[in-house]
Amino acid sequence: EAQVTQNPRYLITVTGKKLTVTCSQNMNHEYMSWYRQDPGLGLRQIYYSMNVEVTDKGDVPEGYKVSRKEKRNFPLILESPSPNQTSLYFCASSTKQAQGFNEQFFGPGTRLTVL
Amino acid sequence: AQSVTQPDIHITVSEGASLELRCNYSYGATPYLFWYVQSPGQGLQLLLKYFSGDTLVQGIKGFEAEFKRSQSSFNLRKPSVHWSDAAEYFCAVLPGSARQLTFGSGTQLTVLP
């Protein structure tokens, strides 16, 4: 089954404790992206990756890191989480086409609480 | 600056009634347009998309959307709402040359029995 998976689905942590949220897709998509969703703000892009070893900042990259060492994986790293990073996080992937990008497929989400 | 606006934060309709969710965007050229739905506790599912061609597009679950260039709008419609349609709906825009999908703030739909 074609899908985007995220782990963990739920995470409660404390301020300053490094964490990683994994994202994996099995569709051989070139493009992958991370979003955070907050009430009243919709989804805001954190980072995206056009392909292996190619990443770029989205609208709200502060406090996050990413890496793209393999095509299928795109982990999101919070080196020193803070309470304002409490949010619902979504990973997404899509194919790339000449004029733009196809629709993005989303993972199930990771709900992160930073105390 | 480019933006996507969903003016209705919350809409309530009765089951069987018609539905229209509004979406407006501000970009220099026609972007790619999408509607996603998020059911409670779920990820986002694509309902429909517009790239070019016929301005009335059909999607899954009986939804359709009409692109109106003159109004910079891409409104989502359904002729008869079902209780299972209760969810949050997001309009999203991807300018043709851009790499970022920009989402509206979402419209929460409540369906009354």
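These numbers come from a predicted model, not from an experiment. We name chains A, B, ... by the order of the sequence lines, and we start the count at 1 in each one.
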With a 4.5 angstrom heavy-atom cut-off, which part of [X] approaches chain A: side chain, backbone, both or neither?
X     : value
B/E88 : side chain
B/L46 : side chain
B/Q38 : side chain

Notebook entry, point to check: B/S105 and A/G40: which non-hydrogen atoms are nearest, and at how many Å?
Noted result: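 Heavy-atom minimum between the residues: CB-O, 3.5 Å.
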Would you find more than 12 non-hydrogen atoms of other residues, nucleotides or ligands less than 6.0 Å from A/I12 atom CD1? no
Given heavy-atom pairs under 4.5 angstrom as the criterion, report whether the side chain, backbone, both or neither of [X] touches chain B.
X     : value
A/D38 : neither
A/L41 : backbone
A/R9  : side chain

Can B/L101 and A/Q45 be said to form a side chain to side chain contact (heavy atoms under 4.5 Å, CB included), step by step? CA-CA 8 Å; B/L101 193 62; A/Q45 191 176 49; 5.8 Å; no
Side chain to side chain contact (heavy atoms under 4.5 Å, CB included) evaluation trace for B/L44 with A/L43: CA-CA 10 Å; B/L44 279 77; A/L43 280 80; 4.1 Å; yes
Verify the cluster assignment for [X] and [Y]: are they in a single hydrophobic cluster under the rule of side-chain heavy atoms below 4.5 Å apart?
X     : Y     : value
B/F63 : B/F74 : yes
A/V54 : A/Y31 : yes
A/L76 : A/Y10 : no
A/V4  : A/Y48 : no
A/M32 : A/I46 : yes

Practice prompt. Taking heavy atoms only and a threshold strictly under 4.5 Å, list by residue number the residues of residues 105-115 of chain A that touch chain B; give 'none' if the list is empty.
Written response: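 Against chain B, the residues of residues 105-115 of chain A that fall inside the cut-off (heavy atoms, under 4.5 Å) are A/F106, A/G107, A/P108.
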CD (A/Q37) and CZ (B/F103) are apart, to the nearest 0.5 Å, by 9.0 Å
